[in-house]
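Bear in mind the structure is a predicted one, so any value in this text is a computation, not a measurement. Keep in mind that the numbers below use all heavy atoms, side chains included, and drop hydrogens, waters and symmetry copies.
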Amino acid sequence: MQINRELVEKVVAEVIAEVLGSQSGSAPTPTPREEVSGVAFAESGRAVKGTDPKEVVLALTPAFGTTFSKTIVDVPHAEVLRQIFAGVEEEGLKIRVVRVYHTADVAFMAHQAAKLSGSGIGIGVLSRGTSVIHQKDLAPLSNLELFPQSPLLDAMTFRAIGKNAAKYAKQEQPTPVPTKNDPMARPRYQGLAALLHNKEARFLDRTKAPVEVKVTFEG
């Protein structure tokens, strides 16, 4: 695995600029939010609790697919969504997407998704790739499956996450998604992950409720 140096330099430069701006008394200016290649999003109002037992709800942060376009190891966000969608649909279920504005804690995001889901099962994904599968009647920090090492998550892992979430929704007991093990991943990416989290959190609005999002794949 190679760290994306261009991304590191970009994020560091933006964080420094924001810090200098705050020291001078001016508010930090967020990076313009543009839709990423391969996928478009359209918000359609406040998210409501679903009633369809065959749905899984996926929660994204405000920066996913807008400010950021790839995970920490360059998996395009469009591909992350394609694979999660495919995994759910392969199990005969459907997926609904919401944006969560009040938190960038993936456990609470996934728990919010689960509470909105007609099946009671939700997925949370951060821009860097960290993911959680959750169930509505569990405590926020007691999830079904946690994928904390974003540098080890590739496209096929996201597909497997979708499949397992759908299986939980069907009240099955799937084998947990296998993930790679690299003891050097944490120290190698920890600094970049902290910078990405810091920037992602700047787009939060703790007064705003989750919103429904229509996802359209392009090309």
Visitor: I want to check something: taking the side chain as every heavy atom from C-beta on, are Leu81 and Leu60 in contact at a cut-off of under 4.5 Å?
Guide: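 When only atoms from C-beta onward are counted, Leu60 and Leu81 do touch, with a gap below 4.5 Å.
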Visitor: If hydrophobic clusters are built from ILVMFWY residues whose side chains come within less than 4.5 Å, do Leu146 and Tyr189 share one?
Guide: no
Visitor: With hydrophobic residues grouped by side-chain heavy-atom distances under 4.5 Å, do Val213 and Phe68 end up in a single group?
Guide: yes
Visitor: So, His134 side chain and Ala110 main chain: donor-acceptor pair closer than 3.5 Å or not?
Guide: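 Between the backbone of Ala110 and the side chain of His134 there is no qualifying donor-acceptor contact (under 3.5 Å).
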Visitor: Given side-chain contact (heavy atoms from CB on, under 4.5 Å), test Ile121 with Leu144 step by step and report yes or no.
Guide: CA-CA 9 Å; Ile121 300 297; Leu144 293 172; 3.8 Å; yes
Visitor: Let me see the working for His77 and Phe64 under ring-ring contact (aromatic ring centres under 6.0 Å, His included), right down to the final yes or no.
Guide: CA-CA 7 Å; His77 283 171; Phe64 187 101; 3.8 Å; yes
Visitor: Calculate, to the nearest 0.5 Å, the distance between atoms CZ and CD belonging to Arg82 and Glu89 respectively.
Guide: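 If we round to the nearest 0.5 Å, Arg82:CZ and Glu89:CD are 11.5 Å apart.
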Visitor: Strictly by side-chain hydrogen bond (donor to acceptor under 3.5 Å, both in side chains), give each pair with a member in residues 110-122 just once, sequence neighbours left out.
Guide: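 Sorted result for residues 110-122: Ser117-Ser119.
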Visitor: Can you see which heavy atom on Ala169 is nearest to which on Leu93, and at what distance?
Guide: CB-CD2, 3.4 Å
Visitor: Considering non-hydrogen atoms only, spot the tightest contact between Thr103 and Arg206 and give its length.
Guide: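 Residues Thr103 and Arg206, closest heavy atoms: CA-NH1, 4.3 Å.
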Visitor: For Ala59, give me all partners under side chain to side chain contact (heavy atoms under 4.5 Å, CB included), at least two apart in sequence or on another chain.
Guide: Val98, Val100, Met109, Ala113
Visitor: Report the distance from atom CD of Glu200 to atom CG of Asn198, rounding to the nearest 0.5 Å.
Guide: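 These two atoms lie 10.5 Å from each other.
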Visitor: side-chain contact (heavy atoms from CB on, under 4.5 Å) with Phe147: which of Thr130, Val106, Ile133?
Guide: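 Answer after filtering Thr130, Val106, Ile133: Ile133.
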Visitor: Determine whether Thr61 and Phe203 make a side-chain contact, defined as any pair of heavy atoms from C-beta on separated by less than 4.5 Å.
Guide: no
Visitor: Between Leu116 and Pro210, which heavy-atom pair has the shortest distance, and what is it?
Guide: CD1-CB, 4.2 Å
Visitor: Where the side chain of Arg46 meets the backbone of Val211, is there a donor-acceptor pair that is under 3.5 Å apart?
Guide: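 Pair absent, no side-chain N/O of Arg46 close to backbone of Val211.
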Visitor: Over all heavy atoms of both residues, which pair between Ser127 and Ala63 is shortest? Give the atoms and the distance, please.
Guide: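 Heavy atoms only, the tightest pair is OG-C, 3.5 Å.
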Visitor: Do Ile72 and Leu196 have side-chain heavy atoms sitting under 4.5 Å apart?
Guide: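 They are in side-chain contact.
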Visitor: Report the distance from atom CZ of Phe85 to atom CD of Gln83, rounding to the nearest 0.5 Å.
Guide: 12.0 Å
Visitor: Using the rule that two of Ile, Leu, Val, Met, Phe, Trp, Tyr join whenever any of their side-chain heavy atoms come within less than 4.5 Å, decide whether Leu138 and Leu58 are in one cluster.
Guide: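 Shared cluster, yes.
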Visitor: Taking the side chain from Ser131 and the backbone from Gly129, do they hold a donor-acceptor pair closer than 3.5 Å?
Guide: yes
Visitor: When you compare the side chain of Ile123 with that of Val56, does any pair of heavy atoms fall below 4.5 Å?
Guide: yes
Visitor: Below 4.5 Å, heavy atoms only, C-beta onward: do Val80 and Leu153 meet side chain to side chain?
Guide: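 With C-beta onward as the side chain, the pair stays apart.
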Visitor: Let me check something: do Tyr168 and Val57 share a hydrophobic cluster, defined by ILVMFWY side-chain heavy atoms less than 4.5 Å apart, either directly or through other members?
Guide: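 Not linked; separate clusters.
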Visitor: Go through the steps for Arg128 and Thr71 under the test side-chain contact (heavy atoms from CB on, under 4.5 Å), then give the verdict.
Guide: CA-CA 4 Å; Arg128 65 180 180 269; Thr71 69; 5.7 Å; no
Visitor: If hydrophobic residues (ILVMFWY) are linked whenever their side-chain heavy atoms come closer than 4.5 Å, directly or via other members, who joins Phe108 in its cluster?
Guide: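 Besides Phe108, the cluster holds Leu141.
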Visitor: Can you hop from Val97 to Val75 via hydrophobic side chains spaced under 4.5 Å?
Guide: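 Yes; Val75 is reachable from Val97 via cluster members.
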Visitor: Can you list the residues that meet the salt bridge (charged side-chain N to carboxylate O under 4.0 Å, His left out) rule with Arg96, with sequence neighbours excluded?
Guide: Glu55, Glu212
Visitor: Which pairs of donor and acceptor atoms, one on a side chain in residues 170-177, lie under 3.5 Å apart (sequence neighbours left out)?
Guide:
| unit_1 | atom_1 | unit_2 | atom_2 | d |
| --- | --- | --- | --- | --- |
| Lys170 | NZ | Glu91 | O | 3.1 |
| Lys170 | NZ | Glu91 | OE1 | 2.8 |

Visitor: Can you check side-chain contact (heavy atoms from CB on, under 4.5 Å) on Thr67 and Arg202, steps first, answer last?
Guide: CA-CA 11 Å; Thr67 301; Arg202 291 174 182 267; over 6 Å; no
Visitor: Are there more than 12 heavy atoms of other residues, nucleotides or ligands under 6.0 Å from atom NZ of Lys214?
Guide: no
Visitor: Check Gln135 against Ala114 and note the closest heavy-atom contact, atom names and distance.
Guide: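 Distance-wise, the nearest heavy atoms are C-CB, 3.7 Å.
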Visitor: Could you list the residues that satisfy salt bridge (charged side-chain N to carboxylate O under 4.0 Å, His left out) with Asp154, not counting sequence neighbours?
Guide: Lys180
Visitor: Do Phe217 and Val39 have side-chain heavy atoms sitting under 4.5 Å apart?
Guide: yes
Visitor: If we only count heavy atoms from C-beta on, is the Leu126 to Ser150 side-chain gap below 4.5 Å?
Guide: no
Visitor: Does Asn164 reach the side chain of Glu145, with side-chain heavy atoms less than 4.5 Å apart?
Guide: yes
